[in-house]
Amino acid sequence: MRKALKLALEPEQISVKNSYPMIDGFEIHLYGDQRDHFELYEMLEKPVFTIHYPLNKCDVVQISHDFKNGYAKKVFELCKKLNVGLVIHAESPSFDVFNNPYVEEFCRMVKQEDLIIHLENCYRNIGAQEGLQIMKYMRNRINDYQVFPLLDTCHLMMSEMSFKYEESSFFNTIDNYKSENFKMHLNDCIGSGEIETGGIHGTNFSQNLYLLRNILWKLYELEKHNYNVDLILEVEEEDYINAPKAIELANNIDKILHNFKKQGY
């Protein structure tokens, strides 16, 4: 089970995060402006797992209007150079996606260029299940091996309390999202919710290791059934250069997985 840290293409971030021994790789998170220095990928000393399209325009409908511009083409070229997938969001409802001529054209381009898409569940307008329907729609137009669902725990509005009462439904969602290229955004950001939720969702793994353990147990079982799992750690830090909370989360993950193996699970 590999662990990735989010990283922007900035020299100081790259220099510091290259040195974290408990991190196996990175998810490049793009800004969509002059701060994106694409050439700096050559400074990375660990593999890139995914590249995330800029948040202000990463929904599948938005990117289908955007994909011909110069910036988008640079993103696609970087994905191909690094041989990694592009993370975009399923935010728009399916009636805006299905049979949308812009989406259809985008799908044709993805298929032709042999790009990989990781479609991340979101919550603004739709739920995780509708996100899966959009993923299946895109797979039908591209290829099964080019489009994969990406499960974000934060976007499930998961909190410690909801996990306590909805653990089985959360595990069912993992089962629905698992794939041969399974990536999960594991979120540890207390009170980071959107204003419409009152900022109440979020998890605190450092204070509630049982919660992290239960999630990892499910993923550990998936790996025993030959699913490869990549965890992209999402944490709240004072800055994105030094990431002590991410280090703590990564170390706790390693300890829990070590205990599973030690106990013969």
Side-chain angles (χ1 to χ4, degrees), residues 2-20 22-60 62-63 66-67 69-91 115-124 131 148-156 181-189 192-194 202-203 230-247 249-250 253:
R2 302 187 302 175
K3 305 176 299 300
L5 196 58
K6 290 203 169 187
L7 170 140
L9 290 173
E10 298 172 334
E12 193 172 4
Q13 269 204 57
I14 293 171
S15 175
V16 172
K17 291 178 177 176
N18 270 338
S19 67
Y20 291 164
M22 72 297 298
I23 297 299
D24 303 304
F26 302 113
E27 175 173 283
I28 294 176
H29 214 298
L30 297 169
Y31 293 120
D33 56 32
Q34 69 279 1
R35 292 172 293 175
D36 290 324
H37 299 285
F38 289 85
E39 70 283 358
L40 293 182
Y41 80 88
E42 295 182 351
M43 292 177 60
L44 297 174
E45 297 174 3
K46 296 182 180 183
V48 175
F49 294 178
T50 47
I51 296 173
H52 199 302
Y53 208 72
L55 282 175
N56 64 341
K57 49 184 175 181
C58 67
D59 172 57
V60 60
Q62 291 173 318
I63 197 172
D66 208 36
F67 80 92
N69 71 34
Y71 178 85
K73 289 178 180 177
K74 285 175 70 176
V75 176
F76 301 148
E77 279 303 311
L78 185 60
C79 289
K80 290 164 73 173
K81 274 182 186 174
L82 296 175
N83 193 29
V84 298
L86 180 66
V87 178
I88 64 176
H89 282 190
E91 290 185 31
L115 293 169
I116 302 295
I117 296 294
H118 298 283
L119 193 65
E120 179 179 343
N121 63 298
C122 211
Y123 57 86
R124 293 181 185 277
F148 302 95
L150 184 151
L151 185 61
D152 186 297
T153 61
C154 178
H155 293 171
L156 292 174
N181 193 345
F182 185 36
K183 302 195 185 322
M184 176 188 281
H185 284 171
L186 187 64
N187 182 274
D188 187 358
C189 297
S192 62
E194 296 292 330
T203 49
D230 288 333
L231 293 175
I232 293 120
L233 311 184
E234 293 187 327
V235 295
E236 234 170 7
E237 306 283 7
E238 288 186 11
D239 62 60
Y240 283 99
I241 296 170
N242 301 293
K245 293 180 183 177
I247 293 171
L249 178 56
I253 289 169

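All values below come from the heavy atoms of this structure, side chains included, with hydrogens, waters and symmetry mates left out.
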### Query
Is the CD atom of Glu12 crowded by more than 12 outside heavy atoms at less than 6.0 Å?
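No - once you tally the heavy atoms of other residues, nucleotides and ligands closer than 6.0 Å, there are 12 at most.
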### Message
A quick test of your reading: do over 12 heavy atoms of other residues, nucleotides or ligands sit less than 6.0 Å from CG of Asn83?
### Response
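Not buried by this count: 12 neighbours or fewer within 6.0 Å.
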Roughly how far apart are [X] [atom1] and [Y] [atom2], rounded to 0.5 Å?
X	Y	atom1	atom2	value
Glu91	Asp59	CD	CG	5.0 Å
Cys122	Asp152	SG	CG	7.5 Å
Glu236	Asp188	CD	CG	9.0 Å
Ser19	Glu45	OG	CD	8.5 Å
His29	Leu7	NE2	CG	11.0 Å
Asp230	Met184	CG	CE	11.5 Å

If I compare all heavy atoms of [X] with all of [Y], which pair ends up nearest, and what's the gap?
X	Y	value
Ala250	Met22	CB-CG, 3.4 Å
Ala243	Tyr20	N-OH, 3.0 Å
Ile23	Lys46	O-NZ, 2.7 Å
Glu237	Pro244	OE1-CD, 3.5 Å

### Message
Looking at Lys6 and Glu234, is any side-chain nitrogen of the basic one under 4.0 Å from a carboxylate oxygen of the acidic one?
### Response
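Salt bridge: yes.
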### Task
Test Phe148 against His118 for side-chain contact (heavy atoms from CB on, under 4.5 Å), laying out the working first.
CA-CA 5 Å; Phe148 302 95; His118 298 283; 3.9 Å; yes
### Task
With side-chain contact (heavy atoms from CB on, under 4.5 Å) as the test, would you mind laying out the steps for Ile28 and Leu82 before giving the verdict?
CA-CA 11 Å; Ile28 294 176; Leu82 296 175; 4.1 Å; yes
When you measure from the side chain of [X] to the backbone N and O of [Y], does any donor-acceptor pair fall under 3.5 Å?
X	Y	result
Asn121	Gly131	no
Tyr41	Lys81	no
Asn18	Leu44	no
Glu10	Arg35	no
Lys17	Ala8	no
Thr153	Leu186	no
Gln62	Cys58	yes

### Query
Among Leu9, Val84, Val87, Ile116, which residue meets the side chain to side chain contact (heavy atoms under 4.5 Å, CB included) test with Ile51?
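Of the listed options, the one satisfying the test is Val84.
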### Query
Testing Leu86, Thr50, Ile117 for side chain to side chain contact (heavy atoms under 4.5 Å, CB included) with Cys79, which one passes?
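The side chain to side chain contact (heavy atoms under 4.5 Å, CB included) with Cys79 is passed solely by Leu86 among Leu86, Thr50, Ile117.
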### Task
Could you tell me which residues satisfy salt bridge (Lys or Arg N to Asp or Glu O under 4.0 Å) with Lys57, sequence neighbours excluded, listed by chain and number?
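Listed in chain order: Asp66.
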### Query
Is the Tyr71-Tyr31 ring centre distance short of 6.0 angstrom?
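No; Tyr31 has its ring centre 6.0 Å or more from that of Tyr71.
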### Task
Please test His155 against His185 for ring pair (Phe, Tyr, Trp, His ring centres under 6.0 Å), starting from the C-alpha separation and ending with a verdict.
CA-CA 9 Å; His155 293 171; His185 284 171; 7.5 Å; no
### Query
Passes side-chain contact (heavy atoms from CB on, under 4.5 Å), His89 versus Ile63? Steps please.
CA-CA 9 Å; His89 282 190; Ile63 197 172; over 6 Å; no
### Query
For Phe49 and Asp24, what are the C-alpha separation, side-chain angles and deciding distance, and is it a side-chain contact (heavy atoms from CB on, under 4.5 Å)?
CA-CA 9 Å; Phe49 294 178; Asp24 303 304; 4.1 Å; yes
### Query
If we only count heavy atoms from C-beta on, is the Asp36 to Val75 side-chain gap below 4.5 Å?
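SC-SC contact between Asp36 and Val75 ruled out.
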